[in-house]
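To keep things clear, I will list the structure first and then write my remarks on it.
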Amino acid sequence: MAIEQAVDATGLVAKHRIDIRKTFPWFGKRYYFVLLSGLDRRASSRHGESRIWMYLIVSLITLLSVGCIALALLALYLLKSAMGIDLFDNFSLGIWDWFQSL
């Protein structure tokens with residue numbers, strides 16, 4: 001802890017808008033968690049980084065995010081249906097009936 005404070009005091013650590021550094025014990029060992037966020041001041045011409053690659057990464061992250069949101073909404077819908085809550089009278093998507101038939 002003292003070494004970390006000394007390094008921070010000397011200014012060797014870059015300043016970030018969000019800088020969360022935590023450690024926690026887990027089954028007799030210590031693990032760390034770091035979350036940094038801020039302006040990217042590195043050189044923009046990095047090896048292996050192209051516009052196509054960046055578009056593919058952004059597309060993959062977007063698809064994964066949409067998929068996770070869709071699964072979360074499906075889970076909430078199934079939970080609602082299992083509890084017997086009807087939001088609209090005489091209307092059903094049929095997902096609950098399909099799920100019960102499995």
Side-chain angles (χ1 to χ4, degrees):
M1 185 74 107
I3 293 173
E4 184 177 332
Q5 290 173 351
V7 170
D8 284 341
T10 60
L12 296 175
V13 177
K15 302 296 181 201
H16 298 90
R17 284 188 177 256
I18 298 173
D19 189 346
I20 301 171
R21 301 168 193 246
K22 300 291 181 190
T23 60
F24 54 93
W26 187 262
F27 293 111
K29 295 185 179 184
R30 295 193 57 80
Y31 293 89
Y32 65 92
F33 170 79
V34 177
L35 176 65
L36 301 174
S37 178
L39 187 62
D40 187 7
R41 293 187 178 108
R42 299 175 297 179
S44 62
S45 60
R46 299 186 63 171
H47 297 291
E49 210 174 279
S50 66
R51 283 198 175 277
I52 295 173
W53 183 250
M54 288 179 14
Y55 286 132
L56 287 173
I57 294 296
V58 169
S59 299
L60 179 66
I61 291 171
T62 302
L63 286 173
L64 286 174
S65 298
V66 168
C68 287
I69 290 170
L71 285 175
L73 289 174
L74 176 64
L76 288 173
Y77 179 81
L78 290 174
L79 182 64
K80 173 204 73 81
S81 297
M83 293 171 52
I85 299 172
D86 290 331
L87 298 177
F88 302 106
D89 291 333
N90 300 324
F91 178 77
S92 175
L93 295 176
I95 297 173
W96 178 246
D97 296 330
W98 169 80
F99 185 73
Q100 281 185 322
S101 70
L102 294 177

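Residues forming a side chain to side chain contact (heavy atoms under 4.5 Å, CB included) with Leu79 (at least two apart in sequence, or on another chain): Met83. Looking at residues two or more places apart in sequence or on another chain, you find a side chain to side chain contact (heavy atoms under 4.5 Å, CB included) between Ile57 and Trp53, Ile61. When the side chain to side chain contact (heavy atoms under 4.5 Å, CB included) test is applied to Leu78, the partners found at least two apart in sequence or on another chain are Leu74, Ile95, Trp96, Phe99. Legend: residues meeting side chain to side chain contact (heavy atoms under 4.5 Å, CB included) with Leu64, ordered by chain and number and at least two apart, are Leu60.
In this structure the side chain of Leu35 never reaches within 4.5 angstrom of the side chain of Lys22, judged on heavy atoms.
The two residues Arg21 and Leu36 come nearest to each other via the heavy atoms NH2-CD2, 3.7 Å.
Taking Ile, Leu, Val, Met, Phe, Trp and Tyr as hydrophobic and joining them when side-chain heavy atoms fall under 4.5 Å apart, one finds Val66 isolated, its cluster having no other members. Residue Tyr55 shares its hydrophobic cluster (ILVMFWY side chains chained together at separations under 4.5 Å) with no other residue.
The side-chain hydrogen bond (donor to acceptor under 3.5 Å, both in side chains) contacts involving residues 28-37 comprise Thr23-Arg30, where partners must be two or more places apart or lie in separate chains.
Leu76 and Phe88 sit in two unconnected hydrophobic clusters of ILVMFWY residues. Membership requires side-chain heavy atoms under 4.5 Å apart, directly or through other members. Connection of Val58 to Ile69 is not established within any shared hydrophobic cluster, with ILVMFWY side chains joined at heavy-atom distances below 4.5 Å, either directly or through further cluster members.
Within a 6.0 Å radius of CD1 in Ile52, no more than 12 heavy atoms belonging to other residues, nucleotides or ligands are found.
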